[in-house]
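Everything below concerns the one structure shown next.
Residue numbers start at 1 and run along the sequence shown. Remember, it's a predicted structure, so these values are computed and weren't measured experimentally.
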Amino acid sequence: MAHVGGSDSKREQFRRYLDKTGVLDGLTNGRLFYLKLFFLNYFVSFIKSHLSGVGVEVADTEALRLELTELQQKYNTLMEENKDLKKRLCHYEGANEDGGAE
């Protein structure tokens, strides 16, 4: 048991030495600095992502605009194709009615 007490006293002496030299304060302050920095960065990213598009990046906006343009072009192409197919269908339906009547 005396051995355990000696180990505890050495540990306590070392802790007091670290405290006197300011190492514990430095470690604590450094840890607090990184925690504050982490939470600040987290808070800023949270605000950017949750408040009305404030955090939308320029690259994201540009990518969305490009995608919108491509989809509009595809839509217009499909609408033209649809009109053409409707005309062809009406033409064939009209020809079948005329051919069946003869």
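- With D84 contributing its side chain and E80 its backbone, the two residues share no donor-acceptor pair below 3.5 Å.
- Across E70, R65, Q72, a single residue satisfies side-chain contact (heavy atoms from CB on, under 4.5 Å) together with L68, and that is Q72.
- Residue L24 is grouped with residue F14 when hydrophobic side chains (ILVMFWY) are merged at heavy-atom distances under 4.5 angstrom, including chains of intermediate members.
- Expressed to the nearest 0.5 Å, how far CD of E12 lies from OG of S9 amounts to 9.0 Å.
- In this structure, NZ in K36 is found 8.0 Å from CG in N29, a value given to the nearest 0.5 Å.
- In this structure, CG on D25 lies 10.5 Å from CG on L32, to the nearest 0.5 angstrom.
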Could you walk me through whether R16 and D19 pass salt bridge (Lys or Arg N to Asp or Glu O under 4.0 Å), step by step?
CA-CA 5 Å; R16 276 190 248 130; D19 196 26; over 6 Å; no
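- Atom CZ in R31 sits 8.0 Å away from atom OG1 in T28 (nearest 0.5 Å).
- For the atom pair L85 CG and L89 CG, the distance stands at 8.5 Å (nearest 0.5 Å).
- No side-chain heavy atom of K86 sits under 4.5 Å from any side-chain heavy atom of K83.
- The CG atom of L40 sits 12.5 Å away from the CG atom of L35 when rounded to the nearest 0.5 Å.
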